[in-house]
Amino acid sequence: MSAGGVSGGRGGRPARPSGEAFWWAVFSAGGVMAALFVPAFVIVTGFLLPSGDAAVAAERSAQFAAAAGWWPVKLVLLGVVSLSLFHCGHRIRHTLMDLGMRGASGLLKLPCYGGALAGSVWLGWVLWGI
Amino acid sequence: MSGQYHRPHRWAWFLERPGYMRFMVRELTSFFVGGYLVVFLITLARLGGGEAAFAEWVAALASPGWMAAHIVALVAAVWHAVTWFAAVPQAMPIYLGEERLPAPIAAIVMGYGPWLTVTAVIVWWVLR
């Protein structure tokens with residue numbers, strides 16, 4: 001057991017909660033969701049829906065609409081997409097910090113996490129109306 | 001001792017080593033996955049706008065530009081998944097008694113298996 005075992009207290013720095021641990025937890029959960037679901041989402045909306053003639057597109061669109069309109073699917077979509085948005089926001093923020101914007105690490109929270117929050121709220125509102 | 005010392009490095013530090021480059025490519029997938037999620041949100045919003053609005057949006061997605069964008073998004077999403085599943089056995093090792101589950105098996109059990117299942121179910125749902 002190390003003496004300085006307080007979160008954030010390693011390396012002799014003062015243990016001050018920065019909120020980073022929370023964002024890393026959300027990052028991990030969202031990373032799993034994005035890995036499991038996003039490739040399939042891209043296949044469906046990027047290739048299966050727009051391919052083929054109008055009749056095929058209409059049929060697939062109807063299946064997609066029926067699936068997205070079922071409330072258990074809505075709940076899964078809300079969870080998966082909002083966690084994935086926060087995952088991307090966190091990773092984009094840290095990538096920009098690694099590319100020289102470390103001084104703006106606090107300021108970057110607004111577009112990165114704020115954007116993910118706005119997208120999640122928008123999705124909730126959209127799903128409510130489907 | 002005053003303050004912290006920041007070793008000066010050039011902006012494009014990730015070009016210095018192949019390992020740094022792989023790291024940066026992995027991190028940059030988040031920009032493309034995030035961009036796709038915005039398009040996915042728009043798609044769902046169009047769905048809420050009614051059948052005609054959705055058909056119009058889907059027809060627009062058939063353009064070569066959107067197809068190219070979705071190919072890029074798919075490559076980024078798949079690379080995110082592959083690199084994520086490679087990291088999972090390191091971040092969350094599974095122990096069976098005293099034995100640690102070998103990394104490739106852990107990646108299949110916790111990564112590739114669920115991934116293929118989820119993908120198959122979603123694709124089947126739209127194509128059936």
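In what follows, every heavy atom counts, from backbone to side chain, and hydrogens, waters and symmetry copies are set aside. Here is the naming used below: chain letters follow the sequence lines, and residue numbers restart at 1 for every chain.
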Out of [options], which one racks up the most heavy-atom pairs below 4.5 Å with chain A?
options                             : result
B/Ala55, B/Ala59, B/Ala62, B/Gly111 : B/Ala62
B/Ala77, B/Ala69, B/Pro114          : B/Ala77
B/Leu41, B/Thr43, B/Leu61           : B/Leu41

Mind checking whether B/Phe40 and A/Phe41 have parallel, tilted or perpendicular rings, split at 30° and 60°?
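B/Phe40 and A/Phe41: parallel rings.
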Answer yes or no: are there more than 12 heavy-atom neighbours, outside [X] itself, under 6.0 Å from its atom [atom1]?
X        : atom1 : value
B/Glu16  : CD    : yes
A/Trp122 : CH2   : yes
A/Trp24  : CH2   : yes
A/Glu59  : CD    : no

In terms of heavy-atom proximity below 4.5 Å to chain A, should [X] be classed as side chain, backbone, both, or neither?
X        : result
B/Trp57  : neither
B/Tyr112 : neither
B/Ala45  : both

Check: A/Asp98 and B/Trp13 side chains under 4.5 Å, non-hydrogen atoms
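B/Trp13 vs A/Asp98: side chains touch.
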Does anything in [range] reach chain A? List residues with heavy atoms under 4.5 Å apart, or say none.
range                       : result
residues 18-37 of chain B   : B/Phe23, B/Met24, B/Arg26, B/Glu27, B/Leu28, B/Thr29, B/Ser30, B/Phe31, B/Val33, B/Gly34, B/Tyr36, B/Leu37
residues 115-128 of chain B : B/Trp115, B/Val118, B/Thr119, B/Ile122, B/Val123, B/Trp125, B/Val126, B/Leu127, B/Arg128
residues 86-110 of chain B  : none

In terms of hydrophobic clusters joined by side-chain contacts under 4.5 Å, are [X] and [Y] together?
X        : Y       : value
A/Tyr113 : A/Phe27 : yes
A/Trp128 : B/Ile42 : no
A/Met101 : B/Leu15 : yes
A/Phe64  : A/Val56 : no

What pair of heavy atoms forms the shortest contact from [X] to [Y], and how long is it?
X       : Y       : value
B/Leu47 : A/Ala65 : CD1-CB, 3.6 Å
B/Trp84 : A/Ser28 : CZ2-O, 3.3 Å
B/Met67 : A/Gly46 : CE-O, 3.5 Å

What part of [X] lies closer than 4.5 angstrom to a heavy atom of chain B: side chain, backbone, both or neither?
X        : value
A/Val126 : side chain
A/Leu123 : both
A/Phe86  : neither
A/His90  : neither

Between [options], the one whose heavy-atom pairs under 4.5 Å with chain B are most numerous:
options                    : result
A/Leu48, A/Leu49, A/Val32  : A/Val32
A/Ala58, A/Ser61, A/Gly100 : A/Ser61
A/Ala34, A/Ala57, A/Gly129 : A/Ala34

Is a side-chain N or O of B/His80 found less than 3.5 angstrom from the main chain of A/Gly31, in a donor-acceptor match?
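Flag set: sc B/His80 to bb A/Gly31 pair under 3.5 Å.
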Audit row: B/Leu74, A/Phe47, side chain to side chain contact (heavy atoms under 4.5 Å, CB included) steps and yes/no
CA-CA 10 Å; B/Leu74 184 60; A/Phe47 302 106; 4.0 Å; yes
Solution key, residues 70-81 of chain A side-chain donor-acceptor pairs under 3.5 Å, sequence neighbours excluded:
unit_1  : atom_1 : unit_2   : atom_2 : d
A/Lys74 : NZ     : A/Leu127 : O      : 2.9
A/Lys74 : NZ     : A/Ile130 : O      : 2.8

